[in-house]
2 protein chains.
Amino acid sequence: MAGHDRTISVLKLFTIDRPVWTAEKVAEALEVSVSSAYRYVAILVEAGLLTPARGGSYVLGPAIIQYDRQIQLTDPLLVAARPVMADILRYAPSHSVILLSRMFEDTVLCIDQLVDGTYPTAEVSYARGRPMPLFRGATSKIMLPYLPTRDLRRLHAAHAGEIRDAGLGEGWDEFRKALTEMRRRGYVITYWEIDPERIGIAAPLLEDQKRLLGSLSYVIPKSEQDTAPRLGPLLMAAAREVEVRLAED
Amino acid sequence: MAGHDRTISVLKLFTIDRPVWTAEKVAEALEVSVSSAYRYVAILVEAGLLTPARGGSYVLGPAIIQYDRQIQLTDPLLVAARPVMADILRYAPSHSVILLSRMFEDTVLCIDQLVDGTYPTAEVSYARGRPMPLFRGATSKIMLPYLPTRDLRRLHAAHAGEIRDAGLGEGWDEFRKALTEMRRRGYVITYWEIDPERIGIAAPLLEDQKRLLGSLSYVIPKSEQDTAPRLGPLLMAAAREVEVRLAED
DNA sequence: AAATTTTTCGCGTATAATGCGAATTATGTT
DNA sequence: AACATAATTCGCATTATACGCGAAAAATTT
C-alpha cells in the first residue's frame, strides 16, 4: 500500500464539497503542525496546483486547468477515441450523446463527451469530470466484467446493496453470473437508469482484450428504444477501432 | 525558495511537449534511482494525477479532469465572474469572445471563455488552459502594471527584447512609464497583436484595488475598431462588479 | 499606531525517504 | 507453451531531510 506523500494528501482534501481550505484547517485535518501545513501548501502553490483565495484560504490552482488542456490534446486514449467518436455520431439518432469514460476511485468519470451540434448537453447527467455511480448505467456496468477479481470482491463486499438494486444479482455468485453474461454479449443497454428520458448503450475499451481502459457509450432518447439494440454491435466495432488506433504508435 | 517536493517535481515533467514518461526517464531527469522514480509515480497514480499508458509509460491522470470540473463549479473568481461575463456579452459586437484570465508562471492563462452562441471559438487563440505570452495582447498587458516591482525587474531582465517588441518601451524606465500609463487609463486596447483579425480590450481584476487577480477582456472583430474604445470603460465597470461579488461571501 | 492574527524562518532531532540489490511480476519471442 | 528479457516491487541499512517548536516577520484589523 503506497501513497503516503504528505503534500499530495493536502491536495486530496480539496473536494467539491469542501473546495476551500486554510493552512490551519489543513493542519487539523492531517494532524500535522501548522508550519508543516504552510510548507505543504507553499509547495502546491508553487506547482500551481493550489492558489491563494481571500482570507488566507486556498483553492485549486491554474496548473489544473493547464494540465486538463494537456490531457485533451495529448492523452493517448482520448486522441485515439476522438475521431472514432466523431465517426459514429452519424449513426446515432439525433439528440444523442457519445461518451468516453473510465474508472477512477470506485466511480466512473466521463473523459470526453461528443454531442451533435445544436443539442444542449445539460440534459445528460454525464459531464466531463463528474463522478458517476459504478453500478448504474450502461457506461459503468460494462466495465465491471473486466475488473480483476480482487477488486470485484472488495466492491461486492462494500456495495452489495447497490449491486442488488442495480439488478446485478442478489449475492456474489449471481453478481459474477451477471458479469459473465455482460462480457459474453460484449455490450450493455440500460433504460433510464441515470436520466429518466434516456437509454444508455456501452461497450468496453480493452488493452489486448484484457486490461480495462474504459468504455464507449451512446446516450440516446427514450423514444429511440428500437434503435438501441442495433447500436450495441456498432459500439463494439468502434471500441475495437479505438483499441487498434491506441496500439498503433 | 520552497517547492522541493520530489513527488511533485515528477508531475512537473509532464508537459505538452513531453506528455508521456516512463519511470526510467523520470529517474534520469530527476537524477534519482529508478526505484525512487517508481515510488513517486506510484504515489501520483494513486492520487489519480498520473495514469499508466502503454508500454510502462505514464500520462496525466483522471484526477486532473475531476479537479478541473471542481474549479469550474467552485472557484471563487470564476463563480464571481461568470454572471458578469454573461451580462456584458450583450454589449459586445457579434462574433466577440469574452475572456477571464490570470497569470501563471510568466504566462497568461485563459480561465474561462464565453462566446456568443453560434460562434466557433476556434478562431480566437485564447483557449482555456492555453499559456499565452505575457507581453502581447491586451489580456496580458493590462496585468503588468499591477505586478510587484521585484517581479517586473526579473521579467524585464529576462525578456527585455520581447518587451521592446511589444511596444512597452526600450529600457527599464520606459517600461515603467508604459505601465504607469496603462494603470492610469485603467484598460488596454491592442490591435491584432495575437490574432490578425481581432482587437483585444482588457481591464484588470484586483483585490482591494491592489493585488492582481487576473483580467477580463473582450476579443472583437477587426471590423469593430470604432466600438473598441467604448468597451474599455465598460470592462472596467464589469471588473469592479466582479471584485465586489468576490468580496461578498 | 497598537494589537492581533497570519505566515515565514531557523534549528536540532528523529523520522521517513533513499539507493542498492534481489525477488517478483509482466512481456515478448522462438 | 516454455524461455528469455524487461518492468516493477520489495526489504533493508543508512543518512538525508522533513518535522515540530518557538521566535521573528509580515499582514490585517482595531
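Every chain is numbered from 1, with letters handed out A, B, ... down the list of sequences. Since the model is a prediction, treat every value here as computed from it, not as a measurement.
Remark: A/Tyr146 engages no residue in a ring pair (Phe, Tyr, Trp, His ring centres under 6.0 Å) (not counting sequence neighbours). Looking at residues two or more places apart in sequence or on another chain, you find a ring pair (Phe, Tyr, Trp, His ring centres under 6.0 Å) between A/His156 and A/Trp172, A/Phe175.
Nearest-nucleotide positions on DNA chain C place B/Ala37 closer to the 5' end than the other of B/Ala37 and A/Asp208. Nearer the 5' end of DNA chain D, as judged by each residue's closest nucleotide, is the contact made by B/Thr22, out of B/Thr22 and A/Ser36. Ranked by how close their nearest DNA chain D nucleotide is to the 5' end, B/Glu207 and B/Glu24 are led by B/Glu24.
In terms of phosphate contacts, B/Tyr40 brings no side-chain nitrogen or oxygen within less than 4.0 Å of OP1 or OP2 of C/dA17. In terms of phosphate contacts, B/Tyr38 brings a side-chain nitrogen or oxygen within less than 4.0 Å of OP1 or OP2 of D/dT8. At D/dC21, none of the side-chain N or O atoms of A/Ser33 fall inside 4.0 Å of OP1 or OP2 (strictly under the cut-off).
Computed from coordinates, the A/Arg150 CZ to C/dT25 C1' distance equals 12 Å when rounded to whole Å. Rounding to whole angstrom units, CH2 of residue B/Trp21 and P of D/dA7 are separated by 16 Å. Following rounding to the nearest Å, A/Arg6 (CZ) and D/dT17 (P) show an atom-to-atom distance of 18 Å. Summarising the geometry, the separation between OH on A/Tyr58 and P on C/dT6 is reported as 12 Å, rounded to the nearest angstrom. A straight line from CD of A/Glu31 to C1' of C/dT15 spans 17 Å, rounded to a whole angstrom. A/Arg211 has its CZ atom 14 Å from the C1' atom of D/dT8, to the nearest Å. Between the C1' atom of D/dT17 and the CG atom of A/Asp5 lies a distance of 13 Å, rounded to the nearest Å. The distance from atom CZ of B/Arg39 to atom C1' of D/dT9 is 10 Å, rounded to the nearest whole Å.
With hydrogens and angles left out, the side-chain atoms of A/Ser215 and A/Arg102 include no donor and acceptor closer than 3.5 Å.
Salt bridge A/Arg184/A/Glu181: present, at least one basic N to carboxylate O contact under 4.0 Å. The pair B/Asp112-B/Arg128 does not meet the salt-bridge criterion, since no charged nitrogen lies less than 4.0 angstrom from a carboxylate oxygen.
Put simply, the side chain of A/Ser35 and the base of D/dC19 share no donor and acceptor less than 3.5 Å apart.
Backbone-only engagement by B/Val32 is indicated by non-hydrogen atom pairs under 4.0 Å involving sugar-phosphate atoms exclusively.
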